[in-house]
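We use all heavy atoms of the structure for the numbers below, so side chains are in, but hydrogens, waters and symmetry mates are not.
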Amino acid sequence: MLLLTQLLIALLFTLLITRYLKLQWLRRKYPPGPTPLPIIGNLWTLKFVLHHETLMQLAKTYGNIFTVWLGHQPVVVLNGYQTVREGLISHSEELAGRPSTPTTEEFTKGKGVVFTSGHNWKQQRRFALTVLRNLGLGRKSLEVRIQEEAQSLVEFFTMQRGKSLDPTQPIVLSVTNVICSVIFGHRFSRDDKEIHQLIEANELFVNNLGTKWFLLYDTFPWLMRHLPGPHNNIFKGNAFVEEFVKKEIKSHKENGMSEEPQDLIDFYQNKISQDSQDVTSTFDEHNMIRLGAELFAGGTESTTTTLRWAILYLVNHPEIQEKVQKELSAVFGVSQVIHYEDRKRVPYTNAVIHEILRISNIASVGMMRQTTKDMSMQGFNIKKGSLIIANIYSSLYDPDHWEAPKQFNPGHFLDMEGNFIRKEAFLPFSAGHRVCLGETLARTELFIFFTSLLRAFTFRLPEGVKNVNMDIILRGTVQPHPFQVCAVPR
């Protein structure tokens with residue numbers, strides 16, 4: 001028995017040494033990086049999370065193009081504005097792919113836009129952009145719907161009479177109703193139990209993306225599939241959202257085809273009918289469900305989280321909040337309807353919004369890409385099929401492009417005369433072929449919600465509270481800790 005144990009230990013040791021030597025040989029084909037270990041690669045160095053700060057630190061040692069290993073899988077990291085821009089824009093075509101990981105394959109089955117590549121991705125993305133553009137037109141345009149939801153949120157806060165509350169739920173309900181009108185063609189009341197269940201399911205899904213459990217599942221799927229844990233919430237939350245979309249599709253079918261489409265489902269059903277004889281078409285009900293679920297997840301989470309950060313930064317910088325309010329009062333008064341186009345009339349407010357997007361950096365490192373062909377960058381040859389992370393954070397915090405990258409400073413977006421200026425290093429929505437599908441919608445929502453709230457209220461900490469927790473929680477997005485605030489009517 002002792003001899004058998006010794007033989008097994010010797011065999012295991014030999015296998016580990018062999019694997020280690022093989023890794024050292026393989027890593028010669030990739031840009032430099034920390035030494036990977038057998039089985040876990042660099043997961044221990046990364047603390048089992050792709051944290052943007054950790055990647056920034058590694059870049060100081062290995063340069064702005066380096067490699068980390070997630071188990072046996074190498075991932076090339078692009079760091080710093082110049083390198084990120086070169087990758088996402090100059091090599092946009094080569095970096096247009098999205099890897100199919102065990103996690104994403106489990107809940108997408110190769111459908112949708114966000115996690116797919118090739119022909120399916122191109123058709124679905126082009127269609128989604130067309131629908132969003134069409135919904136932006138007409139009497140009941142998307143901007144009008146955003147204005148209505150912003151006013152609904154203002155009315156809710158007014159009813160609270162300045163008492164202390166967590167603003168998350170009222171904000172997420174209003175933002176959710178915007179994307180619901182896009183996908184389903186209708187909104188929900190604040191008391192509707194169904195919308196609360198949908199929001200909770202979406203949070204289960206989003207909050208477990210990008211975590212160590214997500215990374216562990218993708219690295220060791222053969223093990224994690226059989227273990228309990230938070231990674232299972234990804235699939236539970238996604239399944240609930242998809243079932244909800246299915247129910248809405250069924251309701252649309254029962255009501256018949258619409259001559260004038262009012263929402264994503266209307267447009268999609270018409271598209272399926274139009275392309276029924278096209279053998280190259282990817283338009284089917286499975287893709288419709290997936291597209292609806294992805295738009296719901298992205299359209300709810302991004303604006304909600306950014307608005308939460310906005311309130312936190314404003315209560316922490318009351319002098320900036322006051323300056324925004326003075327500009328809004330001078331330009332719009334108390335009753336003028338605010339449009340997205342009006343951002344050009346309020347340069348300071350526009351700069352504050354951009355600075356919130358920059359410093360909150362809710363996308364963290366951005367989503368992983370996959371090269372669609374061989375490419376060369378800064379002397380490194382990167383093969384087709386390689387996994388790529390373009391560290392968005394490193395561009396938004398690049399000290400060569402921001403005067404004080406870790407300070408909340410709207411001056412980053414203002415010239416000496418107080419005019420708004422664009423910055424090339426400002427890439428919160430990514431760039432290139434994979435730029436955020438809902439960027440225009442998110443920008444419009446953020447501007448209208450932000451200005452509507454700041455024109456109506458002054459946000460303050462509750463009595464007796466002196467400090468706010470500005471630490472981050474790294475989930476599917478970079479989120480703030482829960483907090484209480486008072487919305488005091490002006």
Side-chain angles (χ1 to χ4, degrees), residues 98 104 107-146 175-188 194-195 198 201-202 205 237-302 433-442 444-445:
R98 189 78 80 198
T104 59
F107 65 77
T108 69
K109 302 297 189 291
K111 299 291 186 176
V113 174
V114 177
F115 302 101
T116 59
S117 300
H119 181 59
N120 186 90
W121 166 67
K122 288 179 180 178
Q123 280 204 340
Q124 299 299 313
R125 180 180 172 85
R126 190 182 303 118
F127 172 80
L129 287 170
T130 300
V131 170
L132 289 173
R133 183 169 60 250
N134 289 339
L135 290 174
L137 305 173
R139 184 179 60 83
K140 190 65 171 178
S141 70
L142 195 48
E143 184 166 325
V144 172
R145 303 182 201 195
I146 295 170
V175 172
T176 298
N177 267 327
V178 173
I179 199 64
C180 282
S181 70
V182 169
I183 304 169
F184 312 130
H186 63 90
R187 67 187 303 277
F188 296 84
E194 198 169 34
I195 192 62
L198 186 60
N202 191 59
F205 171 68
N238 177 73
F240 188 96
V241 175
E242 286 195 349
E243 283 301 318
F244 188 91
V245 176
K246 287 180 186 177
K247 188 176 71 173
E248 288 286 343
I249 292 171
K250 182 180 178 182
S251 175
H252 277 63
K253 287 180 177 178
E254 290 172 350
N255 292 329
M257 295 277 277
S258 174
E259 292 185 6
E260 294 186 12
Q262 301 297 313
D263 53 56
L264 174 77
I265 295 176
D266 283 344
F267 279 104
Y268 209 108
Q269 287 182 324
N270 287 348
K271 184 65 174 174
I272 291 175
S273 178
Q274 292 168 9
D275 288 10
S276 59
Q277 303 302 314
D278 184 355
V279 295
T280 67
S281 174
T282 61
F283 294 94
D284 55 37
E285 188 161 312
H286 294 298
N287 257 320
M288 175 165 46
I289 292 167
R290 194 64 232 142
L291 181 57
E294 290 176 355
L295 284 175
F296 182 85
T300 300
E301 171 59 28
S302 58
H433 289 348
R434 285 281 181 174
V435 67
C436 175
L437 176 64
E439 177 180 357
T440 300
L441 173 60
T444 305
E445 280 185 293

Arg290 side chain near Phe107 side chain, heavy-atom distance below 4.5 Å = yes

Please walk me through it: do Thr282 and Gln124 pass side chain to side chain donor-acceptor pair (under 3.5 Å)?
-> CA-CA 8 Å; Thr282 61; Gln124 299 299 313; 2.9 Å; yes

Could you tell me if the ring centre of Phe127 sits under 6.0 Å from that of Tyr268?
-> yes

Under 3.5 Å side-chain donor-acceptor pair for Glu248 and His186 = yes

Do Phe267 and Asn134 have side-chain heavy atoms sitting under 4.5 Å apart?
-> yes

Derivation of the salt bridge (Lys or Arg N to Asp or Glu O under 4.0 Å) call for Glu242 and Lys111 = CA-CA 12 Å; Glu242 286 195 349; Lys111 299 291 186 176; over 6 Å; no

Can you check side chain to side chain contact (heavy atoms under 4.5 Å, CB included) on Val182 and Val131, steps first, answer last?
-> CA-CA 9 Å; Val182 169; Val131 170; 5.5 Å; no

Between Thr300 and Val175, what is the shortest heavy-atom contact and its length?
-> O-CG1, 3.8 Å

Kindly indicate whether the side chain of Leu264, heavy atoms from C-beta on, has any atom under 4.5 Å from the side chain of Leu295.
-> yes

What distance do Asn238 atom CG and Thr108 atom OG1 have between them, rounded to the nearest 0.5 Å?
-> 8.5 Å

So which heavy atom on Gln269 is nearest to which on Ile249, and how close?
-> NE2-O, 3.8 Å

In Å, rounded to the nearest 0.5 Å, how long is the span from NZ of Lys253 to CD1 of Ile265?
-> 10.0 Å

Could you tell me how the ring of Trp121 sits relative to the ring of His433: parallel (under 30°), tilted (30 to 60°) or perpendicular (over 60°)?
-> tilted

When you measure from the side chain of Ser276 to the backbone N and O of Ser273, does any donor-acceptor pair fall under 3.5 Å?
-> yes

If you round to the nearest 0.5 Å, how far is CG of Asp266 from NZ of Lys271?
-> 15.5 Å

For residues Thr116 and Gly110, report the shortest heavy-atom separation together with the two atoms involved.
-> CG2-O, 3.4 Å

Give the intermediate values and the outcome of side chain to side chain contact (heavy atoms under 4.5 Å, CB included) for residues Ile179 and Phe184.
-> CA-CA 8 Å; Ile179 199 64; Phe184 312 130; over 6 Å; no

Residues in side-chain contact (heavy atoms from CB on, under 4.5 Å) with Asp278, at least two apart?
-> Asp275, Thr280, Ser281

Report yes or no: does Glu294 contribute a side-chain atom to a donor-acceptor pair with the main-chain N or O of Val113 at less than 3.5 Å?
-> yes

Would you please indicate if the ring centroids of Phe244 and Phe296 are separated by under 6.0 Å?
-> no

OG on Ser141 to CD1 on Ile146, rounded to 0.5 Å = 8.0 Å

For residues Arg98 and Val114, report the shortest heavy-atom separation together with the two atoms involved.
-> NE-O, 2.8 Å

For Arg145 and Ser181, the nearest pair of non-hydrogen atoms, with its separation, is NH1-O, 2.9 Å

Answer yes or no: is there a side-chain heavy-atom contact under 4.5 Å between Thr440 and Leu132?
-> no

From Ser302 atom OG to Glu439 atom CD, the distance as rounded to the nearest 0.5 Å | 11.0 Å

Separation between NE2 (His286) and CG (Leu291), nearest 0.5 Å, reads 14.5 Å

Please walk me through it: do Ile195 and Thr176 pass side chain to side chain contact (heavy atoms under 4.5 Å, CB included)?
-> CA-CA 9 Å; Ile195 192 62; Thr176 298; 3.6 Å; yes

Flag, side chain of Asn287 to backbone of Gly112, donor-acceptor distance under 3.5 Å | yes

Taking every non-hydrogen atom, the tightest pair across Ile183 and Gly292 = CD1-O, 3.4 Å

